[in-house]
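These notes are about the structure you will find just below.
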Amino acid sequence: MKCTEFLRELSDYLDGKITEDLQAELDEHLHWCRECHVVVNTTKKTIEIYRDNQIYELPTPLRNRLHEAIMTKCRHSKETKKDI
Amino acid sequence: MATIQKRADEGVSDELTLVQQAKDGDLEAFSELVRRYDRNIFRIAQHITHNEEDAQDVVQDAFFKAYRNLEQFQGNSKFYTWLVRIAVNEALMKLRKRRNDRTVSIDEDVETDEGSMPREVADWSPNPEQLYGTSELGDILKKTIQGLPPGFRTVFVLRDIEGLSTEETAEMLGLSVPAVKSRLLRARLQLRERLAKYFKFKKDGDGQR
Ligand SMILES: [Zn+2]
């Protein structure tokens, strides 16, 4: 297996969505290829670091404000619908 | 600490009840649906638009649009999937307006050399989180993901950050499953390569800058 072939399967490999046979082939490649080994580990870390450090949390005051605005619009639209 | 977000596959049946109640005019039921997903929608909108004001608009517009069009929601898909689809469209519209550019789309496909070996194969320090403070790390993560084309980062956000399946992501974005897979792979590899710049394992002799 070549590195390019390994990389094509990288996503499914990381997601654990491959057959046992392919898994064995990929593991075999990883065993001797340091570069792909590094790519696997750092890509895994990339996903984890984005998952563990939510960068766009919605602050509670803003959340409440948005919620209020949404519900006001909905209430208004419901009332005008009724009037028609 | 980040709170654990409700997954989209949680409480599906009680969700359909809420949707039905909202359709019947129960605003409290709709309010509950907003509370359930507003954080996710805000996050997705921020990732696509890179602009907090736009993201706030997207949250409001997406939920209001969902409310107005609730009758069109048939219950064939999850409410969340349907909602995200509306929000992604709203967010892309905002992005286009900002950039004054009609070409921004989820179909945007930048490179085709997906089999090529990443250029940067330097290993990372054992724990990049320890290299930077929380806010500094946040800035690095923002800057890095913002550099990806919208089509790539949207797929990465839905798949890897929001934890949706490839099939759900494809459905939401109106893309084929192979297209989602190819974008996800390239998004992951590009992010990895860009982050390496910050997290590269410092060898002896790599002087501090
Ligand atoms: Zn290799």
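Convention: sequence-line order gives letters A, B, ...; per-chain numbering from 1.
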| request: Check salt bridge (Lys or Arg N to Asp or Glu O under 4.0 Å) between B:Asp139 and all other residues, then give those that pass, not counting sequence neighbours. | output: none
| message | At a 4.5 Å cut-off on heavy atoms, which part of B:Leu137 comes close to chain A: side chain, backbone, both, or neither? | response | side chain
| query | Hey, does the side chain of A:Lys78 reach the backbone of B:Leu27 with a donor-acceptor pair shorter than 3.5 angstrom? | reply | no
| Minimum heavy-atom distance A:Ile55-B:Ile145, with the two atoms named | CD1-CG2, 4.4 Å
| query | Atom CD in B:Gln56, atom CG in A:Leu62: separation rounded to 0.5 Å? | reply | 4.5 Å
| task | Compare all side-chain heavy atoms of A:Val39 with those of B:Leu189 and state whether any distance is below 4.5 angstrom. | result | yes
| Relative to chain B, which of A:Arg51, A:Lys17, A:Arg65 shows the most heavy atom pairs under 4.5 Å? | A:Arg51
| task | Could you please spell out the steps behind the side chain to side chain donor-acceptor pair (under 3.5 Å) verdict for B:Arg188 and A:Thr46? | result | CA-CA 7 Å; B:Arg188 285 169 165 181; A:Thr46 297; over 6 Å; no
| task | In sequence, state the C-alpha distance, the side-chain angles, and the governing distance for B:Trp124 and A:Val38, and then conclude on side-chain contact (heavy atoms from CB on, under 4.5 Å). | result | CA-CA 8 Å; B:Trp124 289 359; A:Val38 169; over 6 Å; no
| Residue A:Asn41 versus chain B: region with a heavy atom under 4.5 Å | neither
| task | Heavy atoms only: give me the nearest B:Arg35-A:Arg63 pair and the separation to one decimal. | result | O-NH2, 2.8 Å
| field | Greatest number of heavy atom pairs closer than 4.5 Å to chain A - which of B:Leu141, B:Asn127, B:Thr134, B:Ile161 | value | B:Leu141
| request: Quick one: which of B:Leu191, B:Val34, B:Leu195, B:Asp38 has the most heavy-atom pairs under 4.5 Å with chain A, could you say? | output: B:Asp38
| Counting N and O atoms only, with roles assigned by atom type, does the side chain of A:Tyr56 sit under 3.5 Å from a partner on the main chain of B:Ile44, one being a donor and the other an acceptor? | no
| message | Go through it in stages, so that I can follow the logic: the residues are A:Ile49 and B:Glu129, the test is side-chain contact (heavy atoms from CB on, under 4.5 Å), and I'd like the CA-CA distance, side-chain angles, deciding distance and then a yes or no. | response | CA-CA 8 Å; A:Ile49 210 166; B:Glu129 279 105 331; 3.8 Å; yes
| request: Would you please say whether a donor-acceptor pair under 3.5 Å links the side chains of B:Arg192 and A:Thr42? | output: yes
| task | Indicate the atoms forming the closest heavy-atom contact of B:Phe30 with A:Ile70, along with that distance. | result | CE2-CG2, 4.4 Å
| remark: Ranked by heavy-atom pairs below 4.5 Å to chain B, first place among A:Lys2, A:Arg34, A:His67 goes to A:His67
| request: Can you establish whether the number of heavy atoms outside B:Glu28 located under 6.0 Å from its atom CD is more than 12? | output: no
| Which atoms of B:Thr144 approach chain A - backbone, side chain, both or neither, heavy atom under 4.5 Å | both
| query | From A:Ser11 OG over to B:Asp160 CG, what is the distance, rounded to the nearest 0.5 angstrom? | reply | 7.5 Å
| said: Quick check on B:Lys142: does its NZ atom have over 12 non-hydrogen neighbours (other residues, nucleotides or ligands) under 6.0 Å away? | reply: yes
| request: For the pair B:Asp123 and A:His37, evaluate side-chain contact (heavy atoms from CB on, under 4.5 Å) and give the outcome as yes or no after the intermediate values. | output: CA-CA 9 Å; B:Asp123 209 348; A:His37 191 78; over 6 Å; no
| query | Given the rule in the salt bridge (Lys or Arg N to Asp or Glu O under 4.0 Å) test, do B:Arg159 and A:Asp15 qualify, once you have shown the distances and angles that lead to the verdict? | reply | CA-CA 11 Å; B:Arg159 238 337 233 86; A:Asp15 297 337; 2.6 Å; yes
| said: Check this for me, if you would: do B:Asp61 and A:Lys73 make a salt bridge, where the nitrogen-to-carboxylate-oxygen distance has to be below 4.0 angstrom? | reply: yes
| Stepwise side-chain contact (heavy atoms from CB on, under 4.5 Å) test for A:Ser77 and B:Phe64 | CA-CA 9 Å; A:Ser77 125; B:Phe64 185 56; 3.8 Å; yes
